[in-house]
Amino acid sequence: MKAEFWLLDVNYEVRDHGPEVWLWGIQDDGKRVLVIDRSLSPYFYLQVDEGEDPKAVVERIEALRASLPLLAGLEVVDRKYFGRPVKAVKVTCQDPDLLDKYAKRLSKTQGVKRPFEEDIRYSMRYLIDNDVAPCAWHEVEVEEAENTLGVRVDRVYLARSPPRGVERPEAPPLRILGLSVVCYSPRGTPKPSRDPVVIVSVATNAGGEKQFVARDSEDRELLEAFTKYVRDFDPDLIVGYGTNRTEWPYLLARSQKLKVGLYVDRAKAEPHTSVYGHVSVTGRANLGLLDFADELPEVKVKTLENVADFLGVMRLEQRLLIEDVDIPAHWEDPGKRPELLRFSAENTRCVMGVAEAMLGFATQLSSLVGLPLDHVGAAAVGFRVEWFLIRQAQKIGELVPARGPRPYIPYAGALVLEPKPGVHEDIAVLDFKAMYPNIMLLKNVSPDTYVPPGEPDPPGGVNVAPEVKHRFRVEPQGFYSSVLSCLIAIRDDVRSRLKAFEPRSTEYRVLDARQKAVKVITNASYGYAGWVGARWYVKPVAEAAAAWGRHAILNTIRLAREVGLEVVYGDTDSVFVKNEPEKIRKVSEEIGELLQLEVKPDVVYPRVLFTEAKKRYCGLLPDGRLDVVGLEAVRGDWAAAAKRVQERVLEIVLRDRSPDKAAEFVRQYISDLRARKVPYRDLVIWKALTMPVEEYAVRTAHVEVAKTLMKEGWDLSVGDKMGYVIVRGPGRLYEKARAHALASYEDVDIDYYVSNQVLPAASRILSLFGVTEEELLPS
DNA sequence: GCCTGATTTCTACCA
DNA sequence: ACTGGTAGAAATCAGGCG
């Protein structure tokens, strides 16, 4: 019989000496199923030395067979490595966990150059080899089996054939459970060995809301009740915020200590930490939404409340927020405990809202790159690109290069023009459409088409990069080139289908999420190519793409000037020119002919203001809104007070064209600030720890604050944002920084905020109009 | 030892 | 833990001065 299912999760098991893949899915009738497939044997490759007879290598390995009991098969195969044909021995092995060990051992065989793909996990191997993608529909020939495993699904199937993809864009209705957790520690970061979980707030997309609250800091019953709740609801998705890093590890450690089985998965086991440091719940997808918050660069401090506010899930002003340092007092005080309960419940509501906003993108990204839903968020951008590449490599018989340490040598990147400071009227921004991907596509820039120095030109000819002179074969089409054309084709297809639907329809939202996912991967391809950690890293590839990019923008500038278009600024793939449509059309046309790249006006600013610095400007949009770029107003490491003032100054200067009015506004603001009428939170400065505190070479405010907090028992790690205020007193700035949650308004050094935050931010703009800092101070 | 300009360190941004 | 190019604040260094 045939079964159709949407793939939610995948794992593998070794049972009765045979590996099997477990595909957890959801069917049309709402049944949750487990499809077990034993058809694919794990394997790796051994590349055979050039000039060596592969059969001889096979025989040598055969001779070792007695000592390799789980070796299942040897086959000589033709593959490609960086585009060149190679002979390899495909070694199949019964136990997927022995691939690495066997590969190491057999690599020493005479005539073997090196092993390949022994580091690809069996479950990924299965998905890739069968072209099975998570978060997508598949049909499979199956026979129903009895649920002797005790897995929590409606049906268990044995696959008779590998699943085949079915074109169906929408996900089935999923059961989603959201959670947030509060732990209690009298002081500092809670420790599971010592401190209880006191509140677990859950919510479901079936409308359920519940709180599990510890009785007198006894959390055994709470953990048991929570576990039971999860099992009873039987979610497909478990969502939280930062749960991979904090809440799940805590719940696990705590339940281990109390000997409570946290059996929340579909396979009678506990959650476990998986490849990308995320927590995996077998048969479900556990998502930490913080992992997807990187897609929202507008949100600078990525707390749940900020993300929820940005997405319109729950407004910050409406929230009751409790800082970590204030949690113990709220739990201890029966009068304040209800506030803590409300805070926790709101967190879970925010989690559910954020999940709704982000799931479309997450599932599309998962199906596109082929990583299981719970992996894809946790995987860094480079790995997302790489898994997409690995999938494509399999299709063309390209061996997946080993990841290895390589020397890092920087190369020249993009070109940035010196802006002409001041206000310019009616400026058009000419943008290259997907510049780097299109360059790589057009010039066939790829790891496998690169012709190293010393090698003769191939018969089909080469494309030679300007300046750096790297050469790339014109044919056949390279790996990157084919992958990019595939991505571009998908995006064009999705975008054309998009037109048939209403923007609010489900179909539209699904397709829109898909085109965004494709865009993210496409745009990351150039960065991937220049990443030393990449499996397909070849420095000249990135270097050549950058050189062609410079060539493109330089030609655009030249042509613009030739037709008499004034160029006022440019950066990487954009050129800012006077808005003269006819001349622009001409430039665009000529670039199209000359470089086969598309360049066209993206926006037209009725007015745009440049500072004397590159990468910092502000454009007024036709609808009156501002595009603030690079300035303090869009930076996360300036106090909101300074950012607000600067933004307002820009508005007044660009909309009303009145530097005087703007100066008056600044004077008024500074008097308000001095009168302490500005909210305290607008004085908090946020900076991230980019390395462990002990590695800093100099003393800085945020690191000093981090050290203080750590002394108080708070665990901090790389990436954490430290919020601090500057307080009055003598000494260096770093001596006057206090954690925002531990300082009070009275301590704040207003003069610092006037002279080092608000004034510089305002003056950055107003100095262009001859307004001095003295003139910005209230009289 | 103090002052000042130059250099280094650091973060976050742009494309 | 995708790239290089960039700004700007603050810390720190280095050298002159007395």
Side-chain angles (χ1 to χ4, degrees), chain A residues 275-277 291 294 297-298 300-301 378-386 388-389 403 408-419 429 431-432 434-437 440 520-537 539 541-547 549-550 552-553 569-576 602 611-617 627-639 642-643 685-691 695-704 718-719 721-722 726 731-737 752 755-757 759-761 763-764:
Chain A
V275 264
Y276 296 106
D291 293 331
D294 286 341
E298 299 91 338
K300 307 293 174 184
V301 182
V381 179
F383 294 101
R384 294 178 188 171
V385 174
E386 192 147 276
F388 184 78
L389 290 174
R403 195 185 299 290
Y408 165 73
I409 304 156
Y411 63 90
L415 206 68
V416 189
L417 302 190
E418 207 67 55
V429 182
D431 256 316
F432 279 91
M435 191 175 77
Y436 289 130
M440 294 201 272
V520 163
I521 296 301
T522 309
N523 290 347
S525 58
Y526 160 73
Y528 175 85
W531 172 38
V532 259
R535 290 177 186 266
W536 276 281
Y537 173 72
K539 199 185 80 160
V541 167
E543 200 169 25
R550 292 192 297 272
I553 193 172
Y569 180 61
D571 183 351
T572 311
D573 60 355
S574 67
V575 180
F576 291 53
D602 177 34
T611 64
E612 59 298 319
K614 295 170 174 179
K615 296 185 185 276
R616 313 185 114 224
Y617 61 89
D627 263 348
V628 186
V629 180
L631 295 165
E632 285 78 358
V634 293
R635 290 182 63 96
D637 55 353
W638 283 73
K643 297 170 61 164
I685 297 164
W686 295 90
K687 280 197 172 100
L689 290 177
T690 61
M691 52 190 135
E695 286 176 24
Y696 281 85
V698 296
R699 303 184 77 168
T700 69
H702 73 300
V703 176
E704 292 301 304
V718 170
K721 292 247 182 183
M722 310 306 307
I726 300 302
R732 297 282 213 166
L733 193 67
Y734 62 76
E735 295 172 285
K736 307 200 294 170
Y752 169 81
S755 62
N756 294 52
Q757 292 281 325
L759 271 183
S763 184
R764 182 95 50 224

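Labels below follow one simple rule: chain letters A, B, ... track the order of the sequence lines, proteins then strands, and each chain is numbered from 1.
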Indicate for each nucleotide in nucleotides 1-8 of chain B, in 5' to 3' sequence, whether protein heavy atoms under 4.0 Å reach the base (B), only the sugar-phosphate (S), or nothing (-).
-> --------

5'-most contact on DNA chain C: A:Val416 or A:Gly527, nearest heavy atom basis?
-> A:Gly527

For [X], give me all partners under salt bridge (Lys or Arg N to Asp or Glu O under 4.0 Å), at least two apart in sequence or on another chain.
X: A:Asp291; result: none
X: A:Arg403; result: A:Glu386
X: A:Asp294; result: none

[X] [atom1] to [N] [atom2]: how many Å, rounded?
X: A:Tyr411; N: C:dG5; atom1: OH; atom2: P; value: 8 Å
X: A:Leu689; N: B:dT9; atom1: CG; atom2: P; value: 19 Å
X: A:Arg616; N: B:dA12; atom1: CZ; atom2: P; value: 14 Å

side-chain hydrogen bond (donor to acceptor under 3.5 Å, both in side chains) against A:Tyr569, all qualifying residues, sequence neighbours excluded |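 A:Tyr569: no side-chain hydrogen bond (donor to acceptor under 3.5 Å, both in side chains) contacts found.
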
A:Lys736: partners by side-chain hydrogen bond (donor to acceptor under 3.5 Å, both in side chains), with sequence neighbours left out |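 So A:Lys736 forms a side-chain hydrogen bond (donor to acceptor under 3.5 Å, both in side chains) with A:Asp749.
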
Indicate, with a heavy-atom threshold strictly under 4.0 Å, whether [X] touches base, sugar-phosphate, or nothing.
X: A:Arg764; value: sugar-phosphate
X: A:Asn756; value: sugar-phosphate
X: A:Tyr537; value: nothing
X: A:Gly382; value: sugar-phosphate
X: A:Lys614; value: sugar-phosphate

Charged N to carboxylate O under 4.0 angstrom, A:Asp571 versus A:Lys615?
->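 So A:Asp571 pairs with A:Lys615 through a salt bridge.
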
